[in-house]
2 protein chains.
Amino acid sequence: MNDAVAIPVDRESQASRGDHEALRLWLRLLTCTSLMEASVRAELRRDFDCTLPRFDLMAQLERHPEGLRMGELSRRLMVTGGNVTGITDQLVREGLVTRAAPPDDRRAFVVRLTPAGRRQFERMAESHEAWVVRLVGGLAAPERRQLFELLGRLKRSVNRARSH
Amino acid sequence: MNDAVAIPVDRESQASRGDHEALRLWLRLLTCTSLMEASVRAELRRDFDCTLPRFDLMAQLERHPEGLRMGELSRRLMVTGGNVTGITDQLVREGLVTRAAPPDDRRAFVVRLTPAGRRQFERMAESHEAWVVRLVGGLAAPERRQLFELLGRLKRSVNRARSH
DNA sequence: TCTGAATAGATGAGGCCTGAAATGATCGGC
DNA sequence: GCCGATCATTTCAGGCCTCATCTATTCAGA
């Protein structure tokens, strides 16, 4: 058994002939995402001592300099509100984001990147994009475009099925 | 804003024009997986009071009636060994799997489904497949095949990039 | 046979995440 | 102005997951 070569054992590789194709599609999708996520997570940790959820939250804020409310972060990151509370708490403690009370709604908070947060995010974002480019670089540009298009259709299909 | 229709706000929808296509591809992939995973998780919980990691572990065992060692489970599920230990402990406590000592290696354990575990898994697997079929049903069969093929290439690309 | 390296699994601290319940604030209709 | 419904957020218990570290076992070579 040679460890220098990637071991092709994962959920999807083991699907048996009897499995229907929808299931195999799902397992392969899951495998791709898991592999990429593990890779990105490891590099983010190694080079910046940062976790993926923190990076994702900061990425949303970077796109919205005016700030986002907790609930909007929750929707965009597709995680529950309680979770956003926890991660935001940490980032506030570390001085990377601020929680401000908007004048018009005392229930809400607006989260924004601090200058330090923005600087740190920008350092990470550059590496992050390079990693992702490398991971998908084995596909030719037309293949990537086609995959992007098909995933768009899949997304619509899933959203339709989910909304009954 | 009409909540009866699925809200199209997620990580990927917000990608700005400046983002490179590799990054958008990654975000869209992540969105699709998250959506499907959330859906499957919710139905598994609602109908069987079971979590996805437990289901996944049992699914591996179902494909291998002779049993799998902890380390093999870990590789196939793409999670760390410590994690497999925890989930297996629970399933053993609930009588769904067994841990047996193989005669040839006293370091290892072989995990197998019990008859009760197999029965429970089979009940879940049927529903599970139906959900997945429904989620991807918005794509025509040729589109699904093409997506499957492109994801296979992506997987190889990622594996190549990961092994330096 | 002995010994050091590698391997299988367990353990523990810490972070992520969910679902359910709780707290306050806002809003619409009366 | 009041009241119930709704909404934004927090809190908490519990499960998942990683990394680092530990123990016990196996293996390869002197």
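In what follows, chains are A, B, ... by sequence order, proteins preceding strands, each numbered from 1. Everything quoted here is computed from the prediction, not taken from an experiment.
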Between [X] and [N], is there a side-chain N or O to OP1/OP2 distance below 4.0 Å?
{"X": "B:Q90", "N": "D:dG14", "answer": "no"}
{"X": "B:R99", "N": "C:dA10", "answer": "yes"}
{"X": "A:R106", "N": "C:dT26", "answer": "yes"}
{"X": "A:R46", "N": "D:dT18", "answer": "no"}

Check: Going by an N to O cut-off under 4.0 Å, is there a salt bridge joining B:R76 and B:D56?
Finding: no
Note to self: I'd like to know if A:E149 and A:R145 make a salt bridge, using a cut-off of under 4.0 Å between side-chain N and carboxylate O.
What the structure shows: no
Notebook entry, point to check: Does the side chain of B:S39 come within less than 4.5 Å of B:E43's, by heavy atoms?
Noted result: yes
As a test of reading the structure: which of [options] is closest to the side chain of [X], going by heavy atoms?
{"X": "B:P53", "options": "C:dT18, C:dG9, D:dC16", "answer": "D:dC16"}
{"X": "B:T85", "options": "D:dT10, C:dA8, C:dT11", "answer": "C:dT11"}
{"X": "B:T80", "options": "C:dG9, D:dA8, D:dT18", "answer": "D:dT18"}

Provide, to the nearest angstrom, the distance between the [atom1] atom belonging to [X] and the [atom2] atom belonging to [N].
{"X": "B:L44", "N": "D:dG15", "atom1": "CG", "atom2": "C1'", "answer": "14 Å"}
{"X": "A:L77", "N": "D:dT9", "atom1": "CG", "atom2": "P", "answer": "13 Å"}
{"X": "A:I87", "N": "D:dC17", "atom1": "CD1", "atom2": "C1'", "answer": "14 Å"}
{"X": "B:N83", "N": "C:dA13", "atom1": "CG", "atom2": "P", "answer": "17 Å"}
{"X": "A:R41", "N": "C:dG14", "atom1": "CZ", "atom2": "C1'", "answer": "14 Å"}
{"X": "A:M70", "N": "D:dC7", "atom1": "CE", "atom2": "C1'", "answer": "15 Å"}
{"X": "B:R107", "N": "D:dA24", "atom1": "CZ", "atom2": "C1'", "answer": "9 Å"}
{"X": "A:M78", "N": "C:dC16", "atom1": "CE", "atom2": "C1'", "answer": "15 Å"}

Notebook entry, point to check: Taking the six-membered ring for Trp, are the ring centroids of A:F55 and A:F121 within less than 6.0 Å of each other?
Noted result: yes
Note to self: If you assign each of A:E72 and A:A42 to its closest nucleotide in DNA chain D, which residue comes earlier from the 5' end?
What the structure shows: A:E72
Notebook entry, point to check: Starting at the 5' end of DNA chain C and moving along, which residue's nearest nucleotide shows up first, B:A108 or B:G86?
Noted result: B:A108
Looking at every strand, decide which applies to [X] at a 4.0 Å heavy-atom threshold: base, sugar-phosphate, or nothing.
{"X": "A:T51", "result": "sugar-phosphate"}
{"X": "A:G81", "result": "base"}
{"X": "A:G82", "result": "base"}

Next item on the list: For the pair B:L151 and B:K155, evaluate side chain to side chain contact (heavy atoms under 4.5 Å, CB included) and give the outcome as yes or no after the intermediate values.
Entry: CA-CA 6 Å; B:L151 286 172; B:K155 186 168 139 187; over 6 Å; no
